[in-house]
Amino acid sequence: MTTASADEFEAHRSRLFGLAYRMLGSAHEAEDAVQDAYLRFSGADRADITYPAAWLAKTVTNLCLSRLTSARARRESYVGTWLPEPVLTSDGALGPLESAEQRDAVSLAMLVLLERLTPTERAVYVLRAAFAYGYREIAEVLDLSEANCRQLYRRAEQRLTAAERRFEAAPARQEELVASFVTAARDGDLATLEQVLAADVTWWSDGGGRVTAALRPIEGREKVLRFLAGAFRGFAAGLTFTATELNGAPGLLVRDGDALVATLGFDYRDGEVRGVRAVLNPDKLDFVERQLGRA
C-alpha cells in the first residue's frame with residue numbers, strides 16, 4: 001500500500017472502529033475487524049474502489065457479520081454474565097456523542113440489548129440509527145433490497161422497544177449519582193448508597209471465569225447493599241474509584257494500587273441508579289488500559 005493509500009485508510013479508521021464496536025460490543029474484536037479491512041484495502045485493485053468510505057464500511061460490516069455468528073457461540077459457553085467491553089469516550093474513540101441519543105447508542109445497556117437482534121437486524125439498526133445511513137445505502141452495504149432493509153429496521157426497533165429501556169437522567173444528575181456512589185464507597189456509608197440505588201436495582205458482574213465475580217445478576221436494593229457491604233471492605237486493601245466518561249456516560253475506574261481491576265457503568269431511572277454493570281474480566285479491561293496509557 002502506498003503512503004497516500006495508508007493515509008486515506010487512517011482517515012477512516014476511527015469511524016470504522018465505531019461501526020465495528022457497535023456491531024460486536026467488543027473493542028478488541030472491533031480492532032481486529034478494522035485491521036482485516038486494512039489488509040483487504042491494501043490488497044485491492046484501486047480501480048475497483050470508486051468510493052473508499054463506502055467500500056470500507058461495507059467491508060467492515062460484512063467482517064462483523066461473520067464474527068457475530070462465532071461470537072454468539074462463544075458467549076453461550078461464557079462463564080457467568082457476559083457484558084460488552086467498556087470504552088473510554090471522552091477522547092472521541094466512538095465518534096461524536098453530543099446528543100442523548102448518541103450517548104445512549106453506545107451505552108453498555110444498549111449494547112446488551114443489541115444482542116437480542118439477529119446479526120443482519122443489528123447491522124441495519126446500527127447503520128441507520130448510529131450512522132444515519134439511508135435505506136438505499138444500507139441495501140448496498142448488505143446486498144439486500146431497500147424494502148427488506150426497512151422491514152429489518154422496523155423489526156429491530158420493535159424488539160428494542162419491547163425490551164425495558166433505561167430512562168436517561170440529566171448529565172448533571174448522573175455525575176451527582178456517581179459522586180455519591182464514590183463517597184459512599186470510600187466511607188462505607190450504606191445509608192447514603194441506599195438513597196442512590198433504585199428499589200429494583202440490578203448489579204451485573206462480568207469476570208469471565210478469570211477472576212472472582214457474581215455469576216448471576218444481583219437483583220433488588222437490599223441484596224445489592226449486602227453485596228456491596230462486603231465489597232467495601234476492600235478499600236482497606238487499597239481499592240480506589242476514579243470518575244471517568246465510560247461509553248458515553250459518567251462511570252468509574254476501580255484500581256487496586258496502580259492496576260485497573262474493574263470498570264463500573266450505570267443505568268439511570270427517575271434520578272436513581274437503576275443498574276450497575278461491573279466489568280472485571282482482565283481481557284475486557286485491556287483496551288481501556290491502553291487508552292489510559294495513551295492519555
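All values below come from the heavy atoms of this structure, side chains included, with hydrogens, waters and symmetry mates left out.
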Where do [X] and [Y] come nearest, in terms of heavy atoms and distance?
X: Leu280; Y: Ser205; answer: CD1-CB, 4.1 Å
X: Leu68; Y: Met23; answer: CD2-O, 3.4 Å
X: Gly208; Y: Asn281; answer: CA-ND2, 3.7 Å
X: Tyr268; Y: Pro250; answer: OH-O, 3.5 Å
X: Ala30; Y: Leu24; answer: N-CD1, 3.9 Å
X: Ala105; Y: Met110; answer: O-CG, 3.6 Å

Reported [atom1]-to-[atom2] distance for the pair [X] and [Y], which is rounded to 0.5 angstrom:
X: Arg269; Y: Arg274; atom1: CZ; atom2: CZ; value: 5.0 Å
X: Asp104; Y: Leu113; atom1: CG; atom2: CG; value: 8.5 Å
X: Leu83; Y: Arg75; atom1: CG; atom2: CZ; value: 10.5 Å
X: Ile49; Y: Lys58; atom1: CD1; atom2: NZ; value: 12.0 Å
X: Asp32; Y: Asp36; atom1: CG; atom2: CG; value: 6.5 Å
X: Asp267; Y: Leu108; atom1: CG; atom2: CG; value: 8.0 Å

Do Arg210 and Asp283 sit within salt-bridge range, that is, some charged N less than 4.0 Å from a carboxylate O?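 Salt bridge between Arg210 and Asp283, a charged N being under 4.0 Å from a carboxylate O: yes.
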Taking 4.0 angstrom as the limit, do Glu29 and Arg74 come out as a salt bridge?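 Yes, this pair counts.
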Are [X] and [Y] connected, step by step, through hydrophobic side chains (Ile, Leu, Val, Met, Phe, Trp, Tyr) whose heavy atoms are closer than 4.5 Å?
X: Val254; Y: Leu246; result: no
X: Trp55; Y: Leu63; result: no
X: Phe241; Y: Phe227; result: yes
X: Leu239; Y: Val279; result: no
X: Ile138; Y: Leu160; result: yes

Compare all side-chain heavy atoms of [X] with those of [Y] and state whether any distance is below 4.5 angstrom.
X: Asn247; Y: Tyr21; answer: yes
X: Leu127; Y: Glu137; answer: no
X: Val112; Y: Trp204; answer: no
X: Gln291; Y: Asp91; answer: yes
X: Val288; Y: Leu260; answer: yes
X: Thr263; Y: Leu285; answer: yes
X: Leu16; Y: Tyr38; answer: no
X: Leu88; Y: Leu292; answer: yes

Please confirm whether the backbone N or O of [Y] pairs with a side-chain atom of [X], one donor and one acceptor, at under 3.5 Å?
X: Ser66; Y: Asn62; value: yes
X: Arg173; Y: Gly271; value: yes
X: Gln195; Y: Thr192; value: no
X: Arg22; Y: Gly18; value: yes
X: Glu272; Y: Val196; value: no
X: Glu121; Y: Thr118; value: yes

Any chance you could lay out the salt bridge (charged side-chain N to carboxylate O under 4.0 Å, His left out) test for Asp206 and Arg277, step after step, and finish with the verdict? CA-CA 8 Å; Asp206 179 345; Arg277 290 176 168 83; over 6 Å; no
Working note: Leu252 + Val182, criterion side-chain contact (heavy atoms from CB on, under 4.5 Å); need CA distance, chi angles, decisive distance, verdict. CA-CA 9 Å; Leu252 294 174; Val182 171; 3.4 Å; yes
side-chain contact (heavy atoms from CB on, under 4.5 Å) between Thr242 and Arg255: does it pass, once the steps are laid out? CA-CA 8 Å; Thr242 304; Arg255 290 186 173 90; 3.3 Å; yes
Could you please spell out the steps behind the side-chain contact (heavy atoms from CB on, under 4.5 Å) verdict for Arg290 and Glu31? CA-CA 13 Å; Arg290 286 188 281 126; Glu31 287 184 311; 2.8 Å; yes
Could you please spell out the steps behind the ring pair (Phe, Tyr, Trp, His ring centres under 6.0 Å) verdict for Phe17 and Phe287? CA-CA 13 Å; Phe17 175 78; Phe287 187 78; 5.3 Å; yes
Could you label the plane-to-plane angle of the Phe41 and Phe9 rings as parallel, tilted or perpendicular, counting under 30° as parallel and over 60° as perpendicular?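 The arrangement is tilted - the two ring planes meet at 30° to 60°.
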Can you label the angle between the Phe266 ring and the Phe181 ring as parallel, tilted or perpendicular, going by 30° and 60°?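 Perpendicular, since the angle between the ring planes exceeds 60°.
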Can a donor-acceptor pair be found between the side chains of Ser145 and Asn148 at a distance below 3.5 Å?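 Result is no, nothing qualifies.
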Taking atom types as modelled, is there a side-chain donor on Thr202 or Glu219 under 3.5 Å from an acceptor on the other?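 Their side chains do not contain a donor-acceptor pair, so the 3.5 Å distance test is not met.
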Run Val126 and Leu19 through side-chain contact (heavy atoms from CB on, under 4.5 Å) and show every step you take. CA-CA 8 Å; Val126 167; Leu19 169 60; 3.9 Å; yes
Pi-cation contact, Tyr135 with Arg128 (under 6.0 Å, within 45°):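 Flagged: Arg128 positioned over aromatic ring of Tyr135.
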In this structure, are over 12 heavy atoms from other groups packed under 6.0 Å from [X] atom [atom1]?
X: Arg226; atom1: CZ; answer: yes
X: Asp45; atom1: CG; answer: yes
X: Glu289; atom1: CD; answer: yes
X: Arg216; atom1: CZ; answer: no
X: Arg136; atom1: CZ; answer: no

Which residues, ordered by chain and number, are linked to Trp82 in its hydrophobic cluster, where ILVMFWY side chains connect at heavy-atom gaps below 4.5 Å, directly or through other members?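 Traced through the cluster, Trp82 reaches Tyr78.
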Please step through salt bridge (charged side-chain N to carboxylate O under 4.0 Å, His left out) for the pair Arg154 and Glu157, ending with a clear verdict. CA-CA 5 Å; Arg154 284 196 299 270; Glu157 269 200 318; over 6 Å; no
